Engineer: 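Sharing a structure here in C-alpha cells format.
Everything numeric here is computed off the predicted structure, so don't read it as measured data. In what follows, every chain begins at residue 1, and chains take the letters A, B, ... in the order their sequences are listed.
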Protein chains: 4
Amino acid sequence: MRRSAILDAAEAVFAEHGYNGATLEEIAERAEFGKGTLYNYFPGGKEELYEVLFEERVVGGLSAVVEAALPDARSLATPDEARAAFHDFVSGLLHHFEANRSVLRLYISEAPRAFNDPDRMTMMVRLFEGFMVTVTRAIARAMDAGALRPMPALPVAHLLIGNVRGLLMAHIASDCLPAGIHELPPLVPDETADFITTVLFDGLLARD
Amino acid sequence: MRRSAILDAAEAVFAEHGYNGATLEEIAERAEFGKGTLYNYFPGGKEELYEVLFEERVVGGLSAVVEAALPDARSLATPDEARAAFHDFVSGLLHHFEANRSVLRLYISEAPRAFNDPDRMTMMVRLFEGFMVTVTRAIARAMDAGALRPMPALPVAHLLIGNVRGLLMAHIASDCLPAGIHELPPLVPDETADFITTVLFDGLLARD
Amino acid sequence: MRRSAILDAAEAVFAEHGYNGATLEEIAERAEFGKGTLYNYFPGGKEELYEVLFEERVVGGLSAVVEAALPDARSLATPDEARAAFHDFVSGLLHHFEANRSVLRLYISEAPRAFNDPDRMTMMVRLFEGFMVTVTRAIARAMDAGALRPMPALPVAHLLIGNVRGLLMAHIASDCLPAGIHELPPLVPDETADFITTVLFDGLLARD
Amino acid sequence: MRRSAILDAAEAVFAEHGYNGATLEEIAERAEFGKGTLYNYFPGGKEELYEVLFEERVVGGLSAVVEAALPDARSLATPDEARAAFHDFVSGLLHHFEANRSVLRLYISEAPRAFNDPDRMTMMVRLFEGFMVTVTRAIARAMDAGALRPMPALPVAHLLIGNVRGLLMAHIASDCLPAGIHELPPLVPDETADFITTVLFDGLLARD
DNA sequence: GATGAATGAGATTTCATTCAT
DNA sequence: AATGAATGAAATCTCATTCAT
C-alpha cells in the first residue's frame, strides 16, 4: 500500500527528471511521506528504488505482455500464425506503454544509464533476460516450423525490439518538445503494430 | 588544436562515465589543461561541451555517413539499387561506430538524457533533423520510384535507425558485462548490414 | 526485569560501538523489545540510558569495590596494613573489570565524552564523587596515621586511579587490535596489583 | 598557511565539541573558509582532519617532549640522573599541555574513540608507538644501569603515562565544571612534576 | 590566455524520538 | 504497557563554476 505509493511517486519523478535529476525530496513529497520513510521501505535508497521500479514495473510489464502474446503453447507453425502472434506481441507492447507512459519513459530514457556501470548492466541483463529469452524462443520456434526464414534468432529478437523502441522513442520525443516541431501522427497501437509487422514480415520491397 | 584536445578528452570521459558521472576535473586532467581553461573554450561549461560533442562528433559523423551512402544524386529506382544503397548506409554506420567506439557510447547511452528536458530535446531534434530528413527523403524517393512498397517514410526511417541502434545496443552491452553472460557473436559490419538489409527488405517470412 | 534487560543490551551496545555509534535500534533488538518500549523505562532516551548505566554499573561497581577494600573501619595504621589494603583495592578493581569487560569499555572509552559538555561533566563528577572521596579518605587516613608519607591526598588518589586506568587502557587496546601488534602479557589481576602496589608504595628507585 | 589555519580551526572545534559533536560547517566557519575548501586540503574529510591533527599535533608534540627530555644520549646511570631526566619529561609534558590546551583536550577526550574501531586503534597504536618506545627504552636503560629497580619496562611506562594523564584529566575536568565543584589547586607544572616524580621514584611509604 | 584554489548549493543518508494503534 | 512506522533535522560530501593571479 504505502510501498506502492512510494513506487508510484518514484516512477513519476524518475520518468520526469531522470535518475540523476530526481531527488528523494521530491519523491517523498509527492508520495506524501517523510524522506526517512523511504528508507524504511527501501533501505538501499535511491538506487534500490530505481532497481525495484525496473524489476517490478518495467520488466514485470514487458514480461506480462510477452507471456500473453507468445506463450510456448501458442502455435507458430504457419506464416499466418506467426504473423498474428507477433502482431499481438507488438500491439501488446504498444498498448502497455500507452497505458503506462512513465514506465515507458523509464525504459527509454533511463535504461541506458546501465552502460556506464558494469554492475548496473549486469542487473539489467539479468532483469531482461527472461523477456529476451521468451521472445527469442518464439522466433526460433517459428523458424524451426518453417514459418520464418531461418536466421540467427537472437539478433532478430533485437531487431524486433529495436523496431518498437525506435518508434516509441520518436513518439515520446514529441512529448518533450515545445510545439509542432515534430510531425509524427499520434501513435495508434494497432495501426503501428500493423505497420511494424508488415515491414518485418513482408519486407520493404515492393512486390507485385 | 586545444579545442579539439578538450573535446577528445570530453568524448572519452562522457563515454566512460556518462554525463553525470563525468567531472570537469577528469576532463581537464585528461586534456592536460587547467580546469579554468575549459571555460575559455566552452563558456557554457559542461552542458556546452556535451552539446558541441553531439553536434560535431555524433551528428557530424552520422551525417557524413548518410551523405556518402544516400546522396540525393544516387539512383534508388530499382529494388537492387535501393537495396545496395541502404546496405551501404547501414554498413557505413556500423563501420563508423566500430571506428569510433566512444562516439557510439555517447549516442547510445547519453542521447536519452534529452528526454528529461525539453530544451535538450529541442536541441537534439534540431541536431538530428538533417540526418533524419536525408534518410527519410531517400526512403521516399525509393518508394516514389516504385522500388519500395509505399508506406509513410518517416516511420520507416525510424524503424531502420531503430534496427541499427538495437543491434548496437546489444553489442555494447556485452562490452560492459563481466564475462560470458551475453553470447552475441562479434559484430562484423558487413555481415550485420547484410542481415539487417535482408530482414528489412525481404521480410522475415519464409518464401519459396 | 525488563529494565535490566534493556540495560544489559545498552551496556553491550555502548561498549561495542561507543555512545555515538550505538543505535537505539540495535539496543532494542538485542533486548528483544520494541524501540518504543525503551522510552517507557527511560523517558530520557539514549542519554538517560547512558547515565543510568554509568550510575548503576560503572560507578556502582567501583563503589562496591572500594567499600569492600577500603572501608572506614579498616585500619591503615601501619605500612603493611596500608599496603595490604590498597593491594586489595587495586586487585578488586582489576577483578571487577576482568569480570565485567563491557563495563570496563564504558569506563575507559565513553567516560571522556563528558569533557565535551559541562552538564555531562557535572553529572560524572557527582557520580564519581563518592568513590573518589572514599579513596581519598583512605589515603588521608593512612597518611595521618603515619603509614604513608604526608602529601595532598586527592592528587595521590588521582595518581592511583590513573595507574590502574593506564594499565587497563593498554590491555583493552590490544583487544581491539588485529594481531600481535601489541606485546603486553595477559593481565593477571593479582600480579598486576602486586606490580602497581610495589611501584606506588616502594617507588621505582633501586634500593639496597 | 591555509592548511594550518584549517587545522587550527579543527583543533579548536574538535577540542570543544569532540569528534562527533564537531561539524565541518563550524570548522569551515571558524577557519573562514568555505566548506568545500576543507576537502581540497583534506580529501578524506572529517576523519582525515582528525588523523592529521593527532599525528601532527598530539603525537608530534609528545614526541618532541620525549625526545628533548629522554634522548638516548642522556645518561640515566644513577638514581639522581634518572630522577632528573624523568622529572624533565613529566615537567615537559605538563608545560606542553599547559601551552596547548586544546591539544590536551584532544588527547584526553578523543583518543578513546579508538576503542570502538579496530582501524582507528591500529592507527593510534602506530602513531603513539615511537613515543612509547622511547619512554620504555629510557626506563629500561635506567633499570639496566641499576638506577631503577628491575621490572618489566613497558608496564612501568604505562604507569608513568597513566599518572600524568590521571592528573591532567582531573584538571581539565574542572575546566568543564560550572563552579567550585572541584577543589583541585591549579596545576603548576613544575610542582606537579615534583609530586609525580616523588611518588613514582620514592614511593608513598613513609620513611624515616 | 591559463590556472586551480575557493566556493556553497544541493544531494543522500542516518537515527533519536514521537505517537497512533 | 508495548509497538514500530513515520518523521525531518542535521550531517557529510561533491563538483560545476568563478575569478584573482
Engineer: For B/Glu32, does the CD atom sit with more than 12 other heavy atoms under 6.0 Å from it, leaving out its own atoms?
Structural biologist: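 Incorrect, the count does not exceed 12.
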
Engineer: B/Leu24 side chain: which of F/dT17, F/dT3, E/dG10 is closest?
Structural biologist: F/dT17

Engineer: Round to a whole Å and report the spacing from CZ of A/Phe14 to C1' of E/dA11.
Structural biologist: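 Value for this atom pair: 13 Å.
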
Engineer: So does D/Lys46 get a side-chain nitrogen or oxygen closer than 4.0 Å to the phosphate oxygens (OP1/OP2) of F/dT12?
Structural biologist: yes

Engineer: Nearest whole Å is fine: how far is E/dT14 P from A/Glu48 CD?
Structural biologist: 12 Å

Engineer: When D/Phe14 is tested against each of D/Tyr107, D/Phe54, D/Tyr19 for ring-ring contact (aromatic ring centres under 6.0 Å, His included), which residue passes?
Structural biologist: D/Tyr19

Engineer: Nearest-Å distance, CG (C/Asn40) to P (F/dG4)?
Structural biologist: 13 Å

Engineer: Test B/Glu25 against every option in B/Lys46, B/Arg30, B/Lys35 by the salt bridge (charged side-chain N to carboxylate O under 4.0 Å, His left out) rule and name the one that passes.
Structural biologist: B/Lys35

Engineer: Would you classify A/Ala31 as touching base, sugar-phosphate or nothing, given that sugar-phosphate means primed atoms plus P, OP1 and OP2, and contacts are heavy atoms under 4.0 Å?
Structural biologist: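 A/Ala31: no heavy atom of the nucleic acid under 4.0 Å.
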
Engineer: Which one is paired to E/dT13, where only Watson-Crick or G-U wobble pairs with both distances under 3.5 angstrom count?
Structural biologist: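 Because both required distances fall under 3.5 Å, E/dT13 counts as paired with F/dA10.
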
Engineer: Could you check whether B/Phe42 gets within reach of a base, just the sugar-phosphate, or nothing at all, counting any heavy atom under 4.0 Å?
Structural biologist: nothing

Engineer: Taking CG from C/Leu38 and P from E/dA16, how many angstroms apart are they, rounded to a whole number?
Structural biologist: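 So the CG-P distance, C/Leu38 to E/dA16, works out to 10 Å.
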
Engineer: Starting from the 5' end of DNA chain E, give me the residue, C/Gly44 or D/Phe33, whose nearest nucleotide shows up first.
Structural biologist: D/Phe33

Engineer: Pick base, sugar-phosphate or nothing for A/Ala28, based on heavy-atom distances below 4.0 Å to the nucleic acid.
Structural biologist: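 It contacts nothing in the nucleic acid.
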
Engineer: Who does E/dT7 pair with, Watson-Crick or G-U, both distances under 3.5 Å?
Structural biologist: F/dA16

Engineer: Using whole Å, what does the distance between atom P of nucleotide F/dA10 and atom CG of D/Asn20 come to?
Structural biologist: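 My rounded result for the distance is 16 Å.
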
Engineer: So, does A/Arg2 get its side chain near the phosphate of F/dA5, meaning an N or O under 4.0 Å from OP1 or OP2?
Structural biologist: no

Engineer: Using the closest heavy atom to pick a nucleotide of DNA chain F for each, name whichever of B/Tyr19 or A/Gly34 lands nearer the 5' end.
Structural biologist: A/Gly34

Engineer: Which sits closer to the 5' end of DNA chain F, D/Gly21 or B/Thr23, going by the nucleotide each is nearest to?
Structural biologist: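 In this pair, the answer is D/Gly21.
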
Engineer: Roughly how many Å is it from OH in B/Tyr41 to P in F/dT17, rounded to a whole number?
Structural biologist: 19 Å

Engineer: Has A/Glu47 got more than 12 heavy atoms of other residues, nucleotides or ligands less than 6.0 Å from its CD?
Structural biologist: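 Count over threshold, so yes.
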
Engineer: Between C1' on F/dT7 and CD on C/Glu25, what's the gap in Å once rounded to a whole number?
Structural biologist: 14 Å

Engineer: Give a yes/no answer on whether the side chain of C/Tyr39 brings an N or O atom under 4.0 Å of OP1 or OP2 in F/dA2.
Structural biologist: no

Engineer: How long is the line joining CD of B/Glu26 and C1' of F/dA16, in whole Å?
Structural biologist: 15 Å

Engineer: F/dT3 phosphate, OP1 or OP2: any side-chain N/O from C/Thr37 under 4.0 angstrom?
Structural biologist: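 Yes.
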
Engineer: Without swapping roles, check the side chain of A/Arg3 against the backbone of A/Tyr41 for a donor-acceptor pair under 3.5 Å.
Structural biologist: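 Not at all, since once roles are kept as given, no pair shorter than 3.5 Å links the two residues.
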
Engineer: At under 4.0 Å between heavy atoms, what does B/Gly45 touch on the DNA or RNA strands: base, sugar-phosphate, or nothing?
Structural biologist: sugar-phosphate

Engineer: Determine which nucleotide pairs with E/dT21, using a 3.5 Å limit on both distances of a Watson-Crick or G-U wobble pair.
Structural biologist: F/dA2

Engineer: Checking contacts here: which listed nucleotide (E/dT17, F/dA11, E/dT7) is nearest the side-chain heavy atoms of C/Lys35?
Structural biologist: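 For the C/Lys35 side chain, the nearest candidate turns out to be E/dT17.
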
Engineer: Check whether A/Tyr50 forms a cation-pi arrangement with A/Arg113 (NZ or CZ under 6.0 Å from the six-membered ring centre, at most 45° off the ring normal).
Structural biologist: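 That pair qualifies as a cation-pi contact.
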
